[in-house]
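Just below is one structure, and these are the notes that go with it.
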Amino acid sequence: MSAEQAGRIVPNPVVPNPVVPNPIDAPGTEEAEWRAWPGLGMLPPLDHGGWRSAVVIAAHPDDEVLGVGGLMSLLAAEGVRLRLVAVTDGEASHPGIADVTALTARRVSETESALDALGAHATEIVRLRMRDTGLAAREGELGAALKEAAAGFEVCLAPWERDVHADHEATGRAAVAAGLQPYFYPIWTWHWARPADPRLPWGRARRIPLPPRTLARKRAAIECFASQLEPRDAGLDAVLPPGIVAHFTREQEVIFR
């Protein structure tokens, strides 16, 4: 190559990195695979016998029931004081809907019905009414609000900070920043992860066995969220199709410390 040619070399154009699809949108792991994996049943059980109060933080209505609804039912039956901190009202679950106010009211009502189904009707509810899908931009504010709402409670349960869903992760991080030392409950993890997945902290996992009556209560509570189980307008599928719901109707729940 001559010096003249070298002087006229044009750098290769910058090729943008390929867009990595959101694991939530990709085909996921079927519940049959999780049920066939003996590792779930080998996790140490959670000892919650000495709990006197617990605050459960949910980024959206239904998160708390899907993730730890069975545990909430058990705690309520044991007389444990429960508080639900609802960070958003889930108004972004139906894009393009004309009446957002009606959707918000519906989702709030569904939560109340679900708590009744769990036998946890005495649960205190604190609504922060932050914007659905916008929590990452308000983590500092969210952390301060969570610290105040959780004051006086011994135990905190929050969405897992690595659940891939942006609002779930922001809520989990905010709970940590608030010094609440939460137990984390996964939601979308069951969709994108696989049995024995090394990305999950299995060494910090605990299982909560659900007796038949408790499991029946949890299933009834999930059914209360009709807005998430029904197909949406404009040809959109349900937020929680049967394949996703199946992850939360198994005989045990799992949390990470």
Side-chain angles (χ1 to χ4, degrees), residues 40-41 43-88 107-128 142-143 145-161 163 168 171-172 174-176 178-187 201 204-225 247-257:
L40 285 181
L43 295 173
L46 174 71
D47 181 8
H48 56 81
W51 292 9
R52 293 177 297 179
S53 63
V55 60
V56 183
I57 302 170
H60 314 99
D62 74 18
D63 288 344
E64 74 286 348
V65 172
L66 295 174
V68 287
L71 177 57
M72 292 179 70
S73 184
L74 292 171
L75 295 176
E78 294 165 5
V80 175
R81 179 189 176 195
L82 294 174
R83 173 175 289 176
L84 170 63
V85 180
V87 179
T88 80
R107 300 207 65 185
V108 168
S109 177
E110 288 172 344
T111 296
E112 295 170 351
S113 297
L115 291 175
D116 285 345
L118 292 175
H121 56 274
T123 300
E124 307 161 21
I125 302 177
V126 176
R127 298 196 176 279
L128 301 184
L142 176 55
L146 293 180
K147 184 174 183 178
E148 180 179 355
F153 284 81
E154 296 178 333
V155 179
C156 173
L157 298 148
W160 188 34
E161 59 184 345
D163 199 44
H168 294 184
T171 301
V176 172
L180 302 183
Q181 299 182 325
Y183 287 91
F184 291 116
Y185 59 86
I187 298 291
R204 297 189 284 113
R206 297 293 182 270
R207 64 184 177 90
I208 303 106
L210 304 182
R213 177 174 173 80
T214 303
L215 180 56
R217 283 186 174 276
K218 180 177 181 179
R219 287 175 171 169
I222 292 174
E223 291 175 1
C224 292
F225 295 99
H247 296 314
F248 306 104
T249 57
R250 61 175 74 129
E251 291 76 13
Q252 64 179 18
E253 295 171 341
V254 176
I255 58 176
F256 304 133
R257 189 53 161 144

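Keep in mind that the numbers below use all heavy atoms, side chains included, and drop hydrogens, waters and symmetry copies.
- Between V254 and I208, the shortest heavy-atom distance links the atoms N-CD1, 4.4 Å.
- Panel note: side chain R83, backbone A149; a donor-acceptor pair is recorded below 3.5 Å.
- Closest approach of K147 to L180, counting heavy atoms only: CA-CD2, 4.4 Å.
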Next item on the list: Could you walk me through whether Y183 and H48 pass the side-chain contact (heavy atoms from CB on, under 4.5 Å) test, one step at a time?
Entry: CA-CA 12 Å; Y183 287 91; H48 56 81; over 6 Å; no
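- Atom CG of D63 is separated from atom NE2 of H168 by 3.5 Å, given to the nearest 0.5 angstrom.
- Contact record, L210 with R250: CD1-O, 4.0 Å, taken as the closest heavy-atom pair.
- Heavy-atom neighbours of R257 CZ from other residues, nucleotides or ligands within 6.0 Å: above the threshold of 12.
- Atom CG of L43 and atom CZ of F256 lie 8.5 Å apart (nearest 0.5 Å).
- Counting heavy atoms of neighbouring residues, nucleotides and ligands inside a 6.0 Å radius, atom CD of Q181 does not exceed 12 of them.
- Within the 3.5 Å criterion, the main-chain N or O of F153 finds no donor-acceptor partner in the side chain of S53.
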Next item on the list: Could you walk me through whether I187 and F248 pass side-chain contact (heavy atoms from CB on, under 4.5 Å), step by step?
Entry: CA-CA 9 Å; I187 298 291; F248 306 104; 3.9 Å; yes
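- Expressed to the nearest 0.5 Å, how far OG1 of T111 lies from CG of D62 amounts to 7.5 Å.
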Next item on the list: Tell me, with the steps shown, if L82 and L115 meet side-chain contact (heavy atoms from CB on, under 4.5 Å).
Entry: CA-CA 11 Å; L82 294 174; L115 291 175; over 6 Å; no
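- Note on D47 versus R206: no salt bridge recorded, every NZ/NE/NH1/NH2 to OD/OE distance being 4.0 Å or above.
- Heavy atoms only, all atoms of each residue included: P182 and A175 are closest at CG-CB, 4.0 Å.
- Note that NZ of K218 and CG of L74 are 10.5 Å apart. Values are rounded to the nearest 0.5 Å.
- Of the possible donor and acceptor atoms, none in the side chain of E64 sits under 3.5 Å from a partner among the backbone N and O of A58.
- With contacts defined as side-chain heavy-atom distances shorter than 4.5 Å, the pair F184/P159 does not qualify.
- Here the closest non-hydrogen pair linking R217 and D116 is NH1-O, 4.2 Å.
- Within 6.0 Å of CZ on R204 lie more than 12 heavy atoms contributed by other residues, nucleotides or ligands.
- Using a 4.5 Å cut-off on side-chain heavy atoms (C-beta onward), L71 and V56 make no contact.
- The environment of CD in E148 is sparse: at most 12 heavy-atom neighbours from other residues, nucleotides or ligands sit within 6.0 Å.
- Taking OG from S113 and NE2 from H121, the interatomic distance works out to 13.5 Å, rounded to the nearest 0.5 Å.
- Between R219 and T249, the closest heavy-atom pair is NH2-O, 2.9 Å.
- In terms of modelled atom types and a separation under 3.5 Å, the side chain of R107 and the main chain of F225 share no donor-acceptor contact.
- In this structure, CZ in R127 is found 7.0 Å from CG in L84, a value given to the nearest 0.5 Å.
- Distance alone, capped at 3.5 Å, places no donor-acceptor pair between the T214 side chain and the G70 backbone.
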Note to self: Is there a side-chain contact (heavy atoms from CB on, under 4.5 Å) between I125 and E112? Walk through the geometry before answering.
What the structure shows: CA-CA 9 Å; I125 302 177; E112 295 170 351; 4.3 Å; yes
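- When atom types are taken as modelled, the side chain of E253 and the backbone of G69 share a donor-acceptor pair closer than 3.5 angstrom.
- Using modelled atom types, no side-chain atom of E110 and backbone atom of P61 make a donor-acceptor pair closer than 3.5 Å.
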